[in-house]
Amino acid sequence: MLRGRDIISVNDLSRHDFEEIFRMADEILEAPDRWSSILRSKIMATAFFEPSTRTRLSFQTAMLRLGGEVIDLGEVEKSSIAKGENLSDTIRMLDSYADVIVIRHRLEGAAKLAAEIAEKPVINAGDGSRNHPTQAMIDLYTIRRLHGRIDGLTIGVLGDLKYGRATNSFIAALTRFRIGKLYLISPPQLRVRDDTRELLVEAGIEFREVERLEEVVEDLDVLYASRIQKERFPDPSEYEMVRGSYVITGESLRGAKKNLVILHPLPRVDEISFEVDSTPYAKYFEQAALGVPVRMALLKLILVG
Amino acid sequence: MAEKPLLVAKIRNGTIIDHIPAGRALSILRLMGITGKEGFTVAIVMNVESRKLGRKDIIKVEGLELRPEDTDKIALLAPMATINVVKDYAVVEKRKAVPPKIVEGFLRCKNPNCITNQKNEPVKPRFITASYDPLKLVCDYCSLALTFDDIARQLESRP
Ligand SMILES: [Zn+2]
């Protein structure tokens, strides 16, 4: 049951919760018009303290497609936040206007604090470096749609496994399923944190940490790519040295399985070269498009069950 | 040995905290808010032999009854400690200082990007005890862990 619940972290979600959302998203995709007024008279507030046009528009589109209304905090630099109003007071205000609050914030724990303050359900649209639960829902849903299952698959996650909130949420979400094998592909500086490793061991997931995609590409059913940010390296020359090894090109995919699915939370900068877009592996645009039905499913289940 | 009389020096009503890791007695007194100006009779025994700890400290305070929040703090700094409640020269209650499952308010998260470290947000830091031995607390907001050393350093550096 998701009705009335806050969605703060993947850790609060069971396999059953994921499956409930996936089934609802299936139903929505089958007959989108059937749901076009189910959230009439409901209001969703979006509060993006950190800008993310994609995620905000995806949530807003989802709400509008369900017949609901949207209010938006606007650009934080221009709103009262810039004048020193804190997160807590802003959330209290939105709580009195809206039926559900969607928040994005740079700081760790911001969404959790918002959920403690608000009476209405709060959905985390990304905070800190760990949590982006709706992105994980979309990622898994895309895999399920394209491969027909999640269990048993061999999955590679590439890029920033330490600070990337999308990769962290994706890996945490995989522990809810019985995947075949997990490859963690990253430069040594950006390996998963110890607690992620503990989480994987606890969940009984077979995983291996490697530095190069080429070592494992032939095994993969899914390759989840992410961005490596320059700011993560204290020494810019170190960044220049590693970045090339983590750019996905036609060459680096040599030997890949025919039905390999490449995902990316987008936006990308240069970590997947454009030549890959025209290969059958490239599924990240499809993944992005599935963001709307998955978020529709979530909003519907939270607001009316 | 001078050790014996010190150890048996009896108190009538009050609290004995035993099995404190050696050298921590003064920090624990400070955590309890005891400066010596409150009028309690206080005996501190430091660095005595202990079968369990090698060396240990002991604190005896005449006339003091511990509040639950004091026990919590003592448990964080001295997870092995035993708290004896004395009434009429007899130990009427003996309990282990067990770190609480949830620690709220008096420790700070180490993560500068944690929402609990923002000055203008009305939020109390909150930690969940993830492991008792060795002691490890995890921030409920950002999941960053505090080790026993982090905890001890924070509690001992309190003004
Ligand atoms: Zn924290």
Side-chain angles (χ1 to χ4, degrees), chain A residues 6 8-12 47 49-50 76 80-92 103-118 122 124 126-133 162-165 168-169 171-172 175 192-199 201-202 231-232, chain B residues 68-69 72-73 75-77 79-80 98-158:
Chain A
D6 300 312
I8 303 307
S9 158
V10 164
N11 299 327
D12 310 327
F49 297 87
E50 174 191 81
V76 168
S80 52
I81 317 298
K83 294 172 207 133
E85 182 172 299
N86 62 11
L87 171 68
S88 311
D89 291 358
T90 306
I91 294 298
R92 247 174 228 118
I103 176 180
R104 179 155 178 135
H105 206 289
R106 181 182 64 83
L107 294 172
E108 310 270 357
K112 188 181 177 89
L113 175 62
E116 286 173 357
I117 289 165
V122 170
N124 187 358
D127 74 349
S129 61
R130 287 167 192 268
N131 293 319
H132 197 353
K162 191 171 186 180
Y163 305 103
R165 61 164 79 112
N168 272 308
S169 292
I171 293 168
T175 65
V192 291
R193 288 180 259 223
D194 289 342
D195 54 343
T196 307
R197 232 169 261 128
E198 281 166 29
L199 192 72
V201 170
E202 223 172 88
E231 309 87 76
R232 301 300 182 203
Chain B
E69 60 262 40
D72 287 357
K73 289 181 192 173
L76 291 174
L77 205 51
M80 301 274 285
V98 178
K101 188 75 203 136
I102 297 172
V103 178
E104 208 162 17
F106 56 89
L107 290 171
R108 298 202 67 85
C109 182
K110 278 196 302 185
N111 182 352
N113 288 323
C114 180
I115 193 75
T116 62
N117 282 323
Q118 305 314 302
K119 275 190 211 73
N120 59 349
E121 297 295 343
V123 54
K124 265 195 227 161
R126 185 192 309 130
F127 296 88
I128 312 293
T129 304
S131 143
Y132 287 94
D133 190 19
L135 188 60
K136 184 171 122 183
L137 306 181
V138 170
C139 173
D140 199 24
Y141 290 89
C142 77
S143 340
L144 200 80
L146 290 182
T147 62
F148 180 69
D149 286 342
D150 295 326
I151 298 161
R153 208 172 304 130
Q154 280 197 32
L155 292 176
E156 292 187 317
S157 66
R158 280 298 146 77

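By convention in this document, chain letters (A, B, ...) are assigned in the order of the sequence lines, proteins followed by strands, and residues within each chain are numbered from 1.
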- Task: Keeping the roles fixed (side chain from B:N120, backbone from A:N86), state whether a donor-acceptor pair exists under 3.5 Å.
- Result: no
- Task: Identify which of B:P112, B:C114, B:A145, B:S143 forms the greatest number of heavy-atom pairs closer than 4.5 Å to chain A.
- Result: B:S143
- Task: Apply salt bridge (Lys or Arg N to Asp or Glu O under 4.0 Å) to B:E121 and list each qualifying residue two or more places apart in sequence or on a separate chain.
- Result: none
- Query: Only one of B:N113, B:N117, B:T116 clears side chain to side chain contact (heavy atoms under 4.5 Å, CB included) with A:L107; which?
  - Reply: B:N113
- Item | Side chain, backbone, both or neither of B:K136 within contact of chain A (heavy atoms, under 4.5 Å) | side chain
- Quick one: which of A:E116, A:K112, A:E108 gives a side chain to side chain donor-acceptor pair (under 3.5 Å) with B:Y141? A:E116
- When rounded to the nearest 0.5 angstrom, what distance separates OG in A:S88 from CD1 in B:I115? 7.0 Å
- Could you tell me which residues satisfy salt bridge (Lys or Arg N to Asp or Glu O under 4.0 Å) with B:K73, sequence neighbours excluded, listed by chain and number? none
